[in-house]
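What you see below is based on every heavy atom in this structure, not just the backbone, and it leaves out hydrogens, waters and symmetry mates. Each residue takes its place number in the sequence, starting with 1.
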Amino acid sequence: MLRSFSTTARNATKTAKHDVVVIGGGPGGYVAAIKAAQLGFNTACIEKRGALGGTCLNVGCIPSKALLNNSHLFHQVKHEASKRGIDISGDVKPNLGNLMKAKETAVKQLTGGIEMLFKKNGVTYYKGNGSFVDEHQVKVDPIDGSEDSILTANNIIIATGSEPSPFPGIEIDQEKIVDSTGALSLKEIPKRLAIIGGGIIGLEMGSVWSRLGSEVTVLEFQKAIGGAGMDAEVSKATQKFLSKQGLKFQLGAKVVSAVKNSNGEVDIEFEDTKSGKIEKIQADVLLVAVGRRPYSSNLNAEKIGLDFDKRNRVVIDSEYKTKFSHIQCIGDVTFGPMLAHKAEEEGIAAVEYIKTGHGHVNYANIPAVMYSHPEVAWVGKNEEELKEAGIKYKTGKFPFIANSRAKTNMDTEGFVKFIADAETQRVLGVHIIGPNAGEMIAEAGLAIEYGASCEDIYRTCHAHPTLSEAFKEAAMAVFDKPVNF
């Protein structure tokens with residue numbers, strides 16, 4: 001098919017035609033666009049941010065990990081250097097400006113890298129907001145104010161992602177009361193930081209600012225931290241470790257109000273759901289981290305009558321098709337966990353459905369990771385889910401304190417926990433809290449994908465000394481005895 005213009009000449013004409021148009025350049029959208037181009041489609045991707053990668057690369061996964069990694073290094077140097085045999089003269093202090101520069105450098109390199117991938121694969125990139133004109137046409141409003149473009153597409157993929165959920169009655173100003181985006185760019189280290197929400201976002205941001213010197217208080221409505229999917233035993237251990245690091249937790253806290261006072265502080269009131277008592281605290285900065293919601297604003301979806309569910313998610317079938325067979329939807333704006341890697345898998349599957357009529361995502365095998373220290377990662381089922389389903393299972397654990405590499409690294413908090421079918425030994429779930437958990441969970445995902453048993457894993461030779469040996473021994477502990485504990 002004739003291409004209307006090159007990737008470097010965006011918005012050069014008023015109209016263009018493409019085989020596939022992707023609305024949204026986040027992890028789901030940009031991966032879908034690249035895969036579509038690789039499969040031979042004339043492909044375009046529309047992104048209004050001006051930088052590809054979506055929330056994940058710009059104001060989510062990537063910048064938060066930069067701050068988490070570098071704040072952890074600071075914490076290690078300040079508090080652990082001497083016991084590791086490193087003498088440091090003078091006071092060790094964080095340089096917030098340089099921390100932010102390091103974060104921004106990582107973001108710029110990665111978002112720019114996606115633009116290079118678009119050029120490499122021949123994806124036409126439109127910088128602007130995409131909205132439906134009709135079921136086959138999408139209008140692009142360029143961010144540079146130039147002439148609008150009308151794109152005609154044989155296939156359209158909606159990948160507009162999500163945004164932070166607001167808290168009723170609390171106004172975000174991104175200075176004193178911030179959401180996850182604002183928490184990544186504070187201009188100074190707050191003496192007191194309060195967080196509404198004890199899920200992954202709140203706990204990661206709490207870890208960053210606690211390490212840099214903030215007194216952090218987490219207000220969580222539920223009786224446990226960590227959010228959906230985290231095993232109860234792991235949740236308790238995580239709270240214990242984070243408490244040792246200085247984070248304070250108020251569980252069963254129903255926030256009633258939060259307002260800025262005349263002194264520039266934030267006055268917060270919450271109800272203890274157990275006692276009914278109203279309590280008050282003050283903070284220099286309040287982070288509202290109560291989850292995310294699908295983003296479909298400015299899409300003009302009502303123009304073509306797309307269906308949405310009660311949570312404002314686009315309704316799709318098993319092939320990601322909306323009510324129109326040539327319009328698909330993937331990622332945070334539709335069903336399932338709001339995770340970048342889930343969106344990526346859907347992006348590839350959606351395009352494969354267009355090309356071959358076949359695609360696949362195993363929703364029972366999508367890992368989750370919290371990049372605190374120690375890290376927390378899990379995949380598959382947890383104990384609570386299996387009990388509810390009436391499935392008989394057995395568990396096995398191995399602590400990192402008994403792992404030789406963890407010992408030599410002086411990083412021994414946590415454990416690996418296996419959950420397996422009581423009769424077949426098939427791995428049903430793995431939950432890890434400890435060093436390198438986010439990397440180690442990939443082996444668990446591979447085991448679940450191929451129906452491996454605990455014996456399959458512990459009879460596989462794991463290199464010594466490595467943290468992965470704890471994974472092997474935890475598998476052994478389910479139906480046998482570990483060797484090193």
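Ser71 and Leu212 get closest at one heavy-atom pair: CB-CD2, 4.1 Å. Residues Ala37 and Asn121 come closest through the heavy atom pair CB-O, 3.3 Å. Between Tyr126 and Ala44, the shortest heavy-atom contact is CE1-CB, 3.5 Å. Shown here for Ala258 and Ile268, the closest heavy-atom pair between the two residues is CB-CG1, 4.2 Å. Listed here is the closest heavy atom pair of Ser296 and Thr160: CA-OG1, 4.3 Å. Scanning all heavy atoms of the two residues, the minimum distance from Asp134 to Gln137 falls at OD1-N, 2.8 Å.
Under the 3.5 Å distance criterion, the side-chain polar atoms of Thr43 are matched with a main-chain donor or acceptor of Phe41. In this structure, the side chain of Ser214 engages the main chain of Pro190 through a donor-acceptor pair within 3.5 Å. Between the Lys103 side chain and the Leu184 main chain, a donor and an acceptor come within less than 3.5 Å of each other. Side-chain N or O atoms of Asn98 include none that pairs as donor or acceptor with a backbone N or O of Lys101 at under 3.5 Å. In this structure, Thr356 contributes its side chain and Tyr353 its backbone to no donor-acceptor pair below 3.5 Å. Side-chain N or O atoms of Asp309 include none that pairs as donor or acceptor with a backbone N or O of Val315 at under 3.5 Å. Here the side chain of Thr217 pairs no donor or acceptor atom with the backbone of Ala194 at under 3.5 angstrom.
Annotation: the span from Lys17 atom NZ to Asn154 atom CG amounts to 5.5 Å, rounded to 0.5 Å. Summarising the geometry, atom CH2 belonging to Trp209 is positioned 11.0 Å from atom CG belonging to Leu287; distances are rounded to the nearest 0.5 Å. We find the CG-CZ distance between Leu99 and Phe74 to be 9.0 Å, quoted to the nearest 0.5 Å.
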Which atom pairs, one a donor and one an acceptor, fall under 3.5 Å between side chains of residues 329-338 and the rest of the protein, sequence neighbours left out?
residue : atom : partner : partner atom : Å
Asp332  : OD2  : Ser162  : OG           : 2.7
Thr334  : OG1  : Val314  : O            : 2.8

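Shown are Val138, Leu299, Asn300; of these, the side-chain contact (heavy atoms from CB on, under 4.5 Å) with Ser131 is made only by Asn300. Only one option out of Glu345, Glu346, Glu344 pairs with Lys342 in a salt bridge (charged side-chain N to carboxylate O under 4.0 Å, His left out); it is Glu346. The only member of Asn155, Asn42, Thr152, Thr124 that meets side-chain hydrogen bond (donor to acceptor under 3.5 Å, both in side chains) when paired with His18 is Asn42.
For Glu171, the CD atom counts as loosely surrounded, since its 6.0 Å shell holds 12 or fewer non-hydrogen atoms of other residues, nucleotides or ligands. Glu388 CD: 12 or fewer foreign heavy atoms inside a 6.0 Å radius. Around CD of Glu104, the count of heavy atoms belonging to other residues, nucleotides or ligands within 6.0 Å exceeds 12. Heavy-atom contacts from other residues, nucleotides or ligands closer than 6.0 Å to NZ of Lys248 number 12 or fewer.
Between Asn382 and Val234 there is no side-chain heavy-atom pair separated by less than 4.5 Å.
When only modelled atom types and interatomic distance are considered, Glu383 and Tyr393 share a side-chain donor-acceptor pair under 3.5 Å. Side-chain contact of Arg292 with Thr55: a donor-acceptor pair under 3.5 Å is present, judged by distance alone.
Every residue meeting the salt bridge (Lys or Arg N to Asp or Glu O under 4.0 Å) condition with Lys139, not counting sequence neighbours, appears here in chain and number order: Asp141.
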